[in-house]
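Right, one structure below, let's go through it.
Every heavy atom of this structure was used, including side-chain atoms; hydrogens, water molecules and symmetry mates were not. Starting from 1, each residue takes its place in the sequence as its number.
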Amino acid sequence: MSDTHGRSPSGIPIEEVYGEPAAGEFPFTRGIHSGMYRSRLWTMRQYAGFGIAQQTNERFRQLLDAGQTGLSVAFDLPTQMGLDSDAPRAEGEVGRAGVAIDSVDDFAVVFDGIPLDAVSTSMTINATAAILLAMYVVVAEEQGTPRNKVRGTVQNDILKEYVARGTYIYPLETSLRLVTDIFAFVAEENMLFNPISISGYHMREAGSTAIQEVAFTLANAIEYIDRAIASGLEIDDFASSISFFFAAHSDLFEEVAKFRAARRLWATIVRDRYGGSDKSCRLRFHTQTGGSTLTAQQPLNNVVRVTVQALAAILGGTQSLHTNSFDEALALPSEDAARLALRTQQVLAFESGVAQTADPLGGSYYVEYLTDTIEREATDLLDEIAERGGAARAIQSGFFQSAISQAAYAHQQEIETEERVLVGVNRFEEDEQPSAMASPDYSVLAEQQRERVRATRAKRDSAKCRTALERLGEGARGDAAMMPLIVDAVRTRATVGEISDTLREAWGVYRPA
């Protein structure tokens with residue numbers, strides 16, 4: 001919250017919002033809360049995780065000490081793909097893209113000294129989301145924190161994995177079963193947890209336009225809602241816990257308009273299609289600045305890019321924000337760069353005045369025109385997806401993938417012909433060599449992690465673990481709720497790989513056509 005308490009530096013009184021409709025009113029174009037950042041700032045949630053659990057715990061503590069207000073966990077590729085660190089397919093990838101998690105004991109180290117009833121945690125995990133959520137629940141349990149005090153978000157957005165990232169494991173239908181099981185578990189346990197974060201970010205990173213980002217993200221959300229309702233849930237039992245995850249790129253006004261249009265469009269869909277309450281109609285979203293916009297050339301320019309992108313997210317009304325570090329095009333963020341990325345948010349929050357009034361660009365002829373146009377064109381795309389049978393069928397037919405590929409190709413052509421300027425890349429270049437960045441010795445870290453998972457297997461009660469995995473397999477082959485069975489397996493110290501292999505055996509794996 002700004003320290004000027006509703007006045008400009010010159011003493012001019014500032015209202016919470018200007019014009020009608022007000023923020024906090026359907027269709028929430030101007031924001032989901034009446035006071036927006038005057039009453040509560042967005043959560044500053046820097047994405048972090050690398051190497052082994054102890055290193056990630058140290059980085060989390062540094063960020064919390066620097067004023068971060070929420071945690072966001074990055075997992076390495078073996079964890080995302082349901083492989084233990086000592087699996088042959090994990091070779092060369094342990095701890096590289098995020099933290100290596102093999103068992104609940106690793107997760108306990110990640111959150112050592114961090115009380116889970118006092119911090120909100122976001123987990124970027126999809127195919128193995130149910131396992132990592134179960135581990136988080138067990139860590140909280142063993143800290144003495146009841147489930148209804150646990151707060152955070154699990155990404156759990158498997159559809160976009162088939163479109164843009166590729167970290168899927170199981171066939172699409174069984175993957176969607178896991179998604180809706182998580183919805184039900186969170187609702188039944190009365191957890192303060194978002195059971196899904198539907199991600200346009202990764203589709204934007206793959207090359208989609210802003211309009212495609214809105215349409216494809218909301219199409220996926222419609223698919224999830226339809227599946228949840230078909231499983232027996234009521235719209236107002238879970239819709240208010242759905243969150244979204246968008247990118248913020250560098251065209252300031254288009255990005256602000258994108259967020260406004262997405263909010264208005266989603267509110268209309270949930271009310272008109274599902275009869276949802278106002279609470280269910282509010283589109284809450286996390287934003288990350290554009291990783292694909294960062295350049296290895298003149299990397300300090302990325303500080304400016306990230307600031308513009310963060311400003312777009314804030315002016316667009318985000319609830320949570322991650323600002324990329326300027327050196328991420330070269331290596332994992334250094335401690336100093338990660339701190340500067342957080343300080344960027346803090347300067348915007350406390351020095352720029354952007355928190356003084358809701359939707360400060362509302363009423364601008366240009367922004368309103370862009371908002372209306374994005375909403376209209378995204379609606380046209382949603383109608384086309386519906387004609388193709390919905391998001392799942394459109395993804396299986398390759399419609400999303402083809403549209404994004406075409407957009408990415410057009411974007412790259414614009415850069416190569418200099419129709420689109422990238423400062424330091426195709427204009428204002430300098431003769432330079434990229435700075436050498438320090439990197440941890442991943443081979444040493446991987447061996448430490450392999451030893452750790454072997455030790456976990458050696459000291460656990462093998463009979464209890466085997467029984468829990470057998471029950472999990474039986475439930476998967478039937479129609480049992482999966483989350484309680486996964487929690488039971490996690491509690492016996494079954495590993496990510498063992499649980500995933502049990503489900504692979506029951507369900508098979510996805511093979512792209």
Side-chain angles (χ1 to χ4, degrees), residues 40 42-49 53 56-57 59-61 63-64 68-75 79 98-99 101 103-126 128-157 178-198 224 228 233 236-245 279 284-286 319-320 322 481-494 496 499:
R40 179 183 176 183
W42 62 92
T43 301
M44 300 180 193
R45 191 188 300 280
Q46 293 299 104
Y47 187 48
T56 298
N57 176 263
R59 177 59 61 87
F60 280 170
R61 287 170 173 270
L63 288 167
L64 290 169
Q68 179 171 302
T69 53
L71 298 176
S72 184
V73 189
F75 299 96
T79 304
V99 62
I101 300 295
S103 75
V104 69
D105 290 338
D106 293 324
F107 231 25
V109 173
V110 168
F111 296 104
D112 183 39
I114 301 173
L116 298 189
D117 58 350
V119 69
S120 169
T121 302
S122 174
M123 294 183 280
T124 303
I125 196 73
N126 296 283
T128 54
I131 303 170
L132 273 298
L133 176 60
M135 287 184 175
Y136 195 76
V137 165
V138 172
V139 170
E141 210 173 75
E142 293 178 355
Q143 279 190 2
T145 301
R147 291 179 186 177
N148 63 0
K149 298 292 185 184
V150 172
R151 296 180 294 123
T153 301
V154 62
Q155 189 162 99
N156 193 29
D157 176 11
L178 270 180
V179 170
T180 54
D181 273 0
I182 290 172
F183 281 22
F185 178 78
V186 167
E188 289 163 6
E189 296 293 331
N190 198 28
M191 294 172 67
L192 301 173
F193 221 85
N194 302 316
I196 195 166
S197 176
I198 304 167
Y224 292 129
L233 293 173
D236 290 334
D237 290 341
F238 67 92
S240 63
S241 296
I242 291 175
S243 66
F244 291 82
F245 175 22
K279 186 177 180 182
R284 299 172 304 111
F285 66 98
H286 170 74
Q319 277 63 66
S320 173
H322 165 86
M482 299 305 297
M483 278 301 300
L485 295 171
I486 294 171
V487 170
D488 287 345
V490 162
R491 203 178 279 119
T492 70
R493 272 46 189 177
V496 169
I499 294 170

So [Y] and [X], do their side chains get closer than 4.5 Å, heavy atoms only?
X    : Y    : value
F193 : I182 : no
L133 : M191 : yes
H286 : T153 : no
F185 : M482 : no
Q319 : T43  : no
I242 : Y224 : no

Closer than 3.5 angstrom, by distance alone: can the side chain of T79 be matched with the main-chain N or O of I101 as a donor-acceptor pair?
yes
Just by modelled atom types, is the A108 backbone N or O under 3.5 Å from a matching donor or acceptor in the Q143 side chain?
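Flag not set: sc Q143 to bb A108 has no pair under 3.5 Å.
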Kindly write out the residues that satisfy ring pair (Phe, Tyr, Trp, His ring centres under 6.0 Å) with F60, not counting sequence neighbours, or none if the list is empty.
none
Listed by chain and number, what are the ring pair (Phe, Tyr, Trp, His ring centres under 6.0 Å) partners of F238, not counting sequence neighbours?
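So F238 forms a ring pair (Phe, Tyr, Trp, His ring centres under 6.0 Å) with F183.
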Got a sec, which residues hit side-chain contact (heavy atoms from CB on, under 4.5 Å) with [X], two or more places apart in sequence or on another chain?
X    : value
D236 : S277, S280
S120 : R45, R151
T128 : I125, I131, L132, I169, V496, S500

Apply side-chain hydrogen bond (donor to acceptor under 3.5 Å, both in side chains) to [X] and list each qualifying residue two or more places apart in sequence or on a separate chain.
X    : answer
T121 : Y136
D106 : Q449, R452
S122 : none
Q155 : N126, K160

Closest non-hydrogen atom pair between [X] and [Y], with its separation:
X    : Y    : result
P195 : S241 : CD-O, 3.2 Å
A53  : V110 : CB-CG2, 3.7 Å
N194 : R284 : OD1-NH2, 3.0 Å

Gap between atom [atom2] of [Y] and atom [atom1] of [X] - 0.5 Å precision:
X    : Y    : atom1 : atom2 : value
F245 : H322 : CZ    : NE2   : 8.0 Å
L63  : Q68  : CG    : CD    : 4.5 Å
D112 : T56  : CG    : OG1   : 13.0 Å
S243 : I198 : OG    : CD1   : 7.5 Å
S103 : R493 : OG    : CZ    : 7.0 Å

Could you go step by step and tell me if V137 and V150 meet the side-chain contact (heavy atoms from CB on, under 4.5 Å) rule?
CA-CA 8 Å; V137 165; V150 172; 5.7 Å; no
According to side chain to side chain donor-acceptor pair (under 3.5 Å), does anything in residues 178-192 pair up with another residue at least two apart or in another chain? List the pairs.
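Listed once each, the pairs are R147-E189.
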N/O donor-acceptor pairs under 3.5 Å from side chains in residues 483-490, not counting sequence neighbours:
from, atom 1, to, atom 2, distance (Å)
D488, OD1, R491, NH1, 3.2

Using the six-membered ring wherever Trp is involved, compare the ring planes of F75 and F107 and label them parallel, tilted or perpendicular (cut-offs 30° and 60°).
tilted
side-chain contact (heavy atoms from CB on, under 4.5 Å) between L64 and L71: does it pass, once the steps are laid out?
CA-CA 8 Å; L64 290 169; L71 298 176; 3.9 Å; yes
